[in-house]
Amino acid sequence: MTTASTHGEQDRAHAVAAAAERRWAYVVGAIFVLLVAVMVFTGLRWASMPPSRVETIDPRTLHISGEFVEGNLGTSVAADGRVIVRVVAQQYSFEPPCIVVPAEMPVTFRGTSTDVVHGFIVGTTNANVMLIPGYVATFTTTFRRAGEHLMPCHEYCGTGHEAMWARVQVIPPAEFLARARSGERLSCVSR
Ligand code: CUA
């Protein structure tokens, strides 16, 4: 009699344990299915909707002609008033090595690389981009205050990587516009 009731309790315990394990198996299975679904969805979405702005450039000829010739690098003010900075990265420097931009005005950076993947970040601002040979990277940012920032390369690009950096001078907008009126490319040197 006692043996039979002990067996009954053991069976109930087994049933409870099996039910709990089955519940966990369902939860884990659901998480697995969800993760796979997210992977499939994002993969298909990226494949069917590539990023809207892919701008290519031939890294072998960009120093000979076009937008990124040496005389066109640095900061300029476009006819419509936009401030545009053009930068070329190469092992192991940025051209130009010092960039002048205005504070409190939107500044559009356009950059590319002649050799390997580089990148840069401007001080503690949100200006942060990768420069990939064959592509033009573009972003627009506004510097809040005048001041000077370091602009280091932040993609490992070879043995000289840690010595690859430029400077960014943020100057008051009035001073910037006065200097920009000459129509030339602005650089730190003429300051
Ligand atoms: Cu260029 Cu690291």
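In this text, all values refer to a predicted model and were calculated from it rather than measured experimentally. Position 1 is the first residue of the sequence, and the numbers go up from there. Just follow the structure's listing: the first ligand is 1, and inside any ligand the first atom is 1. Excluded from the calculations below are hydrogen atoms, water molecules and symmetry mates; all remaining heavy atoms, backbone and side chain alike, are included.
Atom 2 (Cu) of ligand 1 lies closest to atom ND1 when only the N/O/S atoms of H161 are considered. Counting just the N/O/S atoms of E155, the one with the shortest distance to atom 2 (Cu) of ligand 1 is named O.
When atom types are taken as modelled, the side chain of D115 and the backbone of Q90 share no donor-acceptor pair closer than 3.5 angstrom. Checked by atom type and distance alone, the side chain of Y92 never pairs as donor or acceptor with a backbone atom of E162 at under 3.5 Å.
Between V100 and R179, some side-chain heavy-atom pair lies under the 4.5 Å cut-off. I99 is not listed as a side-chain neighbour of F94, based on a closest heavy-atom distance of 4.5 Å or more. Contact check for P152 versus I121: side-chain heavy atoms found under the 4.5 Å cut-off.
Residue H118: no N/O/S atom is found under 2.8 Å from atom 2 (Cu) of ligand 1. Here M164 reaches atom 1 (Cu) of ligand 1: one of its N/O/S atoms is less than 2.8 Å from the metal. Not a single N/O/S atom of H154, whether from backbone or side chain, sits less than 2.8 Å from atom 2 (Cu) of ligand 1.
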